[in-house]
J.: 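First the structure, then my questions, so here it is.
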Amino acid sequence: MKIKDLRVYLTKPGVGRTWVFVEIETDNGIVGVGESTNAGGGGALIVGRAYELLKNDITGADFSDGLVGQDPEHIDRIWHQVYRRFGTLGSRGLATTLCSGIDMALWDIKGKALDRPVYNLLGGPLRDRVHLYSHVAPADNIAECVADAKRQVRLGYTALKLDPFAPEMAKKHRRYIDGKISAQAEEHADNLMTELRKAVGPNIELMIDAHGNFDLPTATRLCNRMLKHNLTWFEEPLQPEGNEALRQLKSNTDMPLCIGERKYTRWDFLPILEQGLVNYIMPDICWTGGITEMRKIAILAETYYVPVTPHDASGAFNVITGAHTMMTVPNFYRLEMSDHSVKAYNSVITKPLDIRDGYLHLSDRPGLGYDLNHDFIKANPDPEWERSHSR
Ligand SMILES: [Mg+2]
């Protein structure tokens, strides 16, 4: 079997971000699907262009062997080839995002070729369904947010996340400047969490995502102030670069911490685990290197008895590939998704996700079990991507 073609699709599913999908076709007609959706700043356009570069050899450039003509069953070899190719640009982020989509598509091809679901090729299922957690909104309206939480609990979700600081901090979302929050916004967050806890009761898990917006004294104060809400975790209290700041925060709060959507590969997670900096890790399967790397990170975390809880801010194949991987991971906590995005997830695939009672149920269809809905993608392109390709 040889790789015959690589195609990249940038689509606007109607929930804000552009989703990036990749298809790899083999010479015997099997098509594998992967996702490399990126988060903002035009990242989707860079990833799309880089995929086009990966397809064929680049004449006169070293380390530039194209994917066409390679054996799609050599998943690890191709992963390392892509990962090392852009080492001087930075192997974390861009390279691992490219690895992610290719890796997913190659696992899909292998499963389809062998007529087995991907989770069966990863060691087989440890569980028969995948526990989810969802998002509640809007954070700027306590009554509506509480109503949304109650609605989702009725649907069967038992863990809910939000950024209660977002009404003020969303303007600087992940764009850290001074790391401060006003007293009023902090008070609003506290009141919102009080009302949510009151509404859902003690048995529903609640998590806060702070999107890395705070400096060390602010993060320490907020973690300690939120302790009374009995949270499962406080996510990304700090920006992702400084492990020492995380160590200082950890030693000054009893709040359980979770980080990892902006950590890439096993090498980034090792010091976090070695130093015991967090209670949960949340690698993003579209950013950290796909199914192969997610599994390696999960195994590393298993040796520290730290639960893995894959991050999702992307499209359907983030959720689907995360679910396949977590079917086989003992130290799995929950898979992130948003009930508000289910319609968008289903719009880009040809069969709907089977979500019942807060769980995602995978089928025994071969490969990943889902294909791209080309009619939807064609009808909803990223306008900038389309414009740059019509010149
Ligand atoms: Mg987050």
Side-chain angles (χ1 to χ4, degrees), residues 15-17 19 35-41 43 92-93 96-97 100 132-139 145 149 152 157 159-176 179 181 189 192-193 196 205-215 218-219 222-223 226 229 231-243 245-246 249-250 255-264 268-269 272 277-288 294 297 301 306-315 318-319 322 326 332-341 345:
V15 287
R17 272 178 198 145
W19 289 355
E35 177 169 358
S36 290
T37 293
N38 202 256
R92 314 291 207 277
T96 54
T97 298
S100 299
L132 302 169
Y133 77 85
S134 181
H135 286 239
V136 289
C145 199
Q152 295 200 47
Y157 295 105
L160 302 167
K161 190 171 89 177
L162 74 160
D163 182 344
F165 315 111
E168 179 169 289
M169 303 306 289
K171 296 175 210 84
K172 352 185 174 171
H173 182 70
R174 293 190 294 111
R175 295 171 187 82
Y176 178 91
I181 186 169
L192 173 54
M193 297 313 296
L196 277 174
E205 299 192 37
L206 293 175
M207 297 93 104
I208 283 180
D209 185 355
H211 293 104
N213 284 326
F214 302 116
D215 62 16
T218 308
L222 293 176
C223 280
M226 297 294 152
H229 304 302
L231 304 179
T232 299
W233 74 58
F234 193 108
E235 174 176 324
E236 282 201 319
L238 302 158
Q239 284 290 307
E241 298 90 3
N243 288 353
L246 204 53
L249 171 62
K250 185 89 176 96
M255 175 67 78
L257 303 177
C258 178
I259 62 126
E261 66 188 74
R262 288 182 282 165
K263 293 288 182 187
Y264 308 97
D268 276 5
F269 282 97
I272 303 288
L277 301 183
V278 296
N279 305 72
Y280 297 83
I281 59 165
M282 46 141 194
D284 187 303
I285 201 161
C286 290
W287 301 342
T288 207
M294 177 68 88
I297 293 165
V306 169
V308 176
T309 179
H311 171 258
D312 168 42
S314 313
N318 178 310
V319 176
M326 291 303 120
F332 165 58
Y333 166 62
R334 286 169 190 263
L335 184 69
E336 181 171 15
M337 49 78 72
S338 175
D339 184 69
H340 296 279
S341 297
Y345 298 143

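Every number for a ligand or one of its atoms is a count from 1 in the order of the listing.
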J.: Out of the N/O/S atoms in D209, what is the name of the one closest to the Mg ion (ligand 1)?
T.: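 Nearest to the Mg ion (ligand 1) within D209's N, O and S set: OD2.
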J.: So which heavy atom on R262 is nearest to which on G212, and how close?
T.: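 In terms of heavy atoms, the two residues are closest at NH2-CA, 4.1 Å.
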J.: Which atom name does E261 have for its N/O/S atom nearest to the Mg ion (ligand 1)?
T.: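 Restricting E261 to its N, O and S atoms, the minimum distance to the Mg ion (ligand 1) goes to OE1.
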J.: Aromatic rings W233 and Y133: how do their planes relate, parallel, tilted or perpendicular, breaks at 30° and 60°?
T.: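 Answer is perpendicular, since the angle exceeds 60°.
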J.: Parallel, tilted or perpendicular for F214 and F165, by the 30°/60° rule?
T.: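 F214 and F165: perpendicular rings.
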J.: What's the atom name of the N, O or S in E235 nearest to the Mg ion (ligand 1)?
T.: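 It is OE2 of E235.
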J.: Would you name the heavy atoms of A210 and F234 that are closest together and state the gap between them?
T.: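 Where A210 meets F234 most closely, the heavy atoms are CB-CE2, 3.5 Å.
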